[in-house]
Protein chains: 2
Amino acid sequence: MSAAPSPRAARSRDGIPDATVARLPVYLRALLAYSERGTATVSSEELAAAAGVNSAKLRKDLSYLGSYGTRGVGYDVAYLVYQISRELGLTQDWACVIVGVGSLGHALANYGGFSSRGFRIVALVDADPARVGVTLAGVVVNPIEDLESIIAARAVTIGVIATPGLAAQEVCDRLVAAGVTSILNFAPVVLSVPDGVDVRKVDLSVELQILAFHAQRRSLREAEPATAKSRRAPAMVGGVTP
Amino acid sequence: MSAAPSPRAARSRDGIPDATVARLPVYLRALLAYSERGTATVSSEELAAAAGVNSAKLRKDLSYLGSYGTRGVGYDVAYLVYQISRELGLTQDWACVIVGVGSLGHALANYGGFSSRGFRIVALVDADPARVGVTLAGVVVNPIEDLESIIAARAVTIGVIATPGLAAQEVCDRLVAAGVTSILNFAPVVLSVPDGVDVRKVDLSVELQILAFHAQRRSLREAEPATAKSRRAPAMVGGVTP
DNA sequence: AAGCACTTGTGAACGCGCGAACAAACTCGG
DNA sequence: CCGAGTTTGTTCGCGCGTTCACAAGTGCTT
């Protein structure tokens, strides 16, 4: 019983669970919507509904950041926006480079959510000479050969890979070698990187296939409701039958 | 070729964990790479390395599908490709509609991974009259007014929302009302849908912010190593000591 | 000033997925 | 035909994340 009020000092700096970090941007977006609407304070119940999560989970998530929020009242919207932004590192600017200016690269360069919150696209590069020189969203496309010099000169910390799958690993290696430690990968490959490099993957194909799985499962359920026996059958998996 | 040594395994229809379902597409992609390379069988160790996961996890994941695979040998690549494809519902065609043909919609329409595995884009719709009539990836853009009739006529089961955030919820409601039960959402909003509808979200902004969090944490660690107190405390956090 | 309604922050139980270790099963060589 | 080597399928313990439930704290009303 650790009734003693000295927990392991989950003091905010260290030890924010990954699951919480993944939800903070969602909270932040909901808070910004409240802010634009002129709302001064929100309760955990309201904010949780807007973010699509449980209110208890939201409170626990926010408690990792600190004891912002006032009992009996709720959370001050502007204050919480600032705190979450600071924790996520959005109070500083992040220089990004997009590698690969195909149709996806075009969409990314034009994407508003990029530049809106501290993420600045400082360079676009592509291996295709036909694309080099084109100006896109106010940035000119450079040849892939200049990747390392651009990263060094512009202090790029985030690399976005929007190349075909075959080129992705090589581009990744070059990004890492040039000092980039945060990579957002849209190519359909599993990238291997050394420790200390953070890779996040956005895979449209995977999402579609997950949707297809659930859709098929639904249609199968409707097709044969007769076999309701195996519906949520508990403790059958332990099949000892030899 | 396919040894097909396992006659049973007809069950396991129910109860595949979501975490496993999310990894099956990754396994499938790795298997297809082996298949194209001409490899006939793979061990769980090899396949796990290619997919970037633990081999025990891979074996457990595959065991949910059934007892495919041969002890002492490994998994037959072609056979496993078929089994995973069938489980994911990729042996049938899925009719998709893309709503919103901005730069992102363009990229999605041109995306190869869409049509390659049973996902067919049967319609593109947009609210902007200037975009209606344009042909994109072999499909003509229709006005948003025709959404319901298109869904009914083409038996659309998957809806892709690539609209601005403000229009997303309304589009979602119309999709659901028209009978679509699988939705892939690219708009930066939390969609509310009734039970029985499956929504998956792809959010570039969220991924960037997660990257920024970890990047900031890294830079803070390097900046002040003085507070090494909370530095990777080994096995002390486990709190076994009462 | 004191009670009341309301909301946060958190302690504790629960469930799930992950990882390691092991037995069953199969192939191959002698 | 049998034993050695290999690999799958599964069992078990563990740690993380989610959820419930409640005490503590705040503002408002009387």
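Chain letters run A, B, ... following the sequence lines, proteins first and then strands; every chain starts at 1. Keep in mind that this is a model prediction, so the values were computed, not measured.
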How many whole angstroms separate atom [atom1] of [X] from atom [atom2] of [N]?
X      : N       : atom1 : atom2 : result
L58(A) : dC20(D) : CG    : C1'   : 16 Å
I16(A) : dC16(D) : CD1   : C1'   : 16 Å
D76(A) : dT8(C)  : CG    : P     : 13 Å
L47(A) : dT7(C)  : CG    : C1'   : 14 Å
L80(A) : dT8(C)  : CG    : C1'   : 13 Å
K57(B) : dT8(D)  : NZ    : C1'   : 18 Å
R59(B) : dC12(D) : CZ    : C1'   : 15 Å
E45(B) : dA21(C) : CD    : C1'   : 14 Å

Between [X] and [N], does any side-chain N or O lie under 4.0 Å from OP1 or OP2?
X      : N       : value
N54(A) : dC20(D) : yes
R23(A) : dT18(D) : yes
S44(A) : dT7(C)  : no
Y75(B) : dG9(D)  : yes

With a non-hydrogen cut-off below 4.0 angstrom, is T20(A) in contact with a base, only sugar-phosphate, or nothing?
nothing

Select from D61(A) and L62(B) the residue whose nearest nucleotide in DNA chain D is closer to the 5' end of that strand.
L62(B)

Start at the 5' end of DNA chain D and walk down; is the nucleotide closest to G74(B) or to V73(A) reached first?
G74(B)

Tell me, do D198(B) and L211(A) make a side-chain contact under 4.5 Å, heavy atoms counted?
yes

State, with a plain yes or no, whether a side-chain heavy atom of Q169(B) is found less than 4.5 Å away from one of L191(B).
yes

For Q92(B), look at atom CD and say whether over 12 heavy atoms of other residues, nucleotides or ligands are found less than 6.0 Å away.
yes

Under 6.0 Å from the CZ atom of R120(B), do we count more than 12 heavy atoms belonging to anything else shown?
no

Please determine, for the side chain of [X], which listed nucleotide ([options]) has the closest atom?
X      : options                   : value
A56(A) : dA21(D), dC18(C), dT7(C)  : dA21(D)
T70(A) : dC18(C), dT26(D), dG17(D) : dT26(D)
R71(B) : dC18(C), dT8(D), dG11(C)  : dT8(D)

Can you see which heavy atom on V156(B) is nearest to which on I158(B), and at what distance?
CG1-O, 3.4 Å

If you take atom types as modelled and just measure distance, does the side chain of K60(B) reach the base of dT10(D) with a donor-acceptor pair under 3.5 Å?
no

